[in-house]
Amino acid sequence: MAHTAPRRTTFAPRRTGRRHPLVATLMALPLAALLLLVFDGWETVATQASSVGVMLGR
C-alpha cells in the first residue's frame with residue numbers, strides 16, 4: 001500500500017472560552033430586528049423588557 005499524507009480537516013478546531021460581548025451583540029442584532037418587526041414595534045418590546053426586569057427584581 002502507498003503511504004499517503006494525513007487528512008486535514010477543512011474546519012478549524014473550535015476554540016473554547018467566551019465570545020467578546022460585541023461579537024455576541026452583532027450576532028443577536030439581526031434576530032432582534034426581525035422580532036421587532038414581527039411583534040409590532042418598539043413599544044411591545046420595551047413593555048416586555050420592562051416586565052422581565054420587574055420579574056427579576058430590577
Side-chain angles (χ1 to χ4, degrees):
M1 252 189 208
H3 292 283
T4 59
R7 289 187 179 195
R8 289 186 174 175
T9 59
T10 57
F11 300 105
R14 298 191 110 194
R15 295 186 306 170
T16 57
R18 296 174 53 152
R19 281 191 183 97
H20 190 277
L22 184 60
V23 173
T25 301
L26 290 175
M27 289 172 65
L29 278 178
L31 179 59
L34 177 66
L35 291 174
L36 190 67
L37 290 173
V38 169
F39 289 110
D40 199 27
W42 179 251
E43 293 83 15
T44 304
V45 174
T47 302
Q48 292 298 322
S50 175
S51 298
V52 170
V54 169
M55 187 172 61
L56 294 175
R58 294 183 181 216

Q | Nearest-0.5 Å distance that lies between atom CD in Glu43 and atom CG in Leu36 | A | 9.0 Å
(Q) In this structure, would Val38 and Leu31 fall into the same cluster of hydrophobic residues linked by side-chain contacts under 4.5 Å? (A) yes
(Q) Are Leu22 and Leu29 connected into the same hydrophobic cluster when the rule is that any two of I, L, V, M, F, W, Y join if their side-chain heavy atoms are below 4.5 Å apart? (A) yes
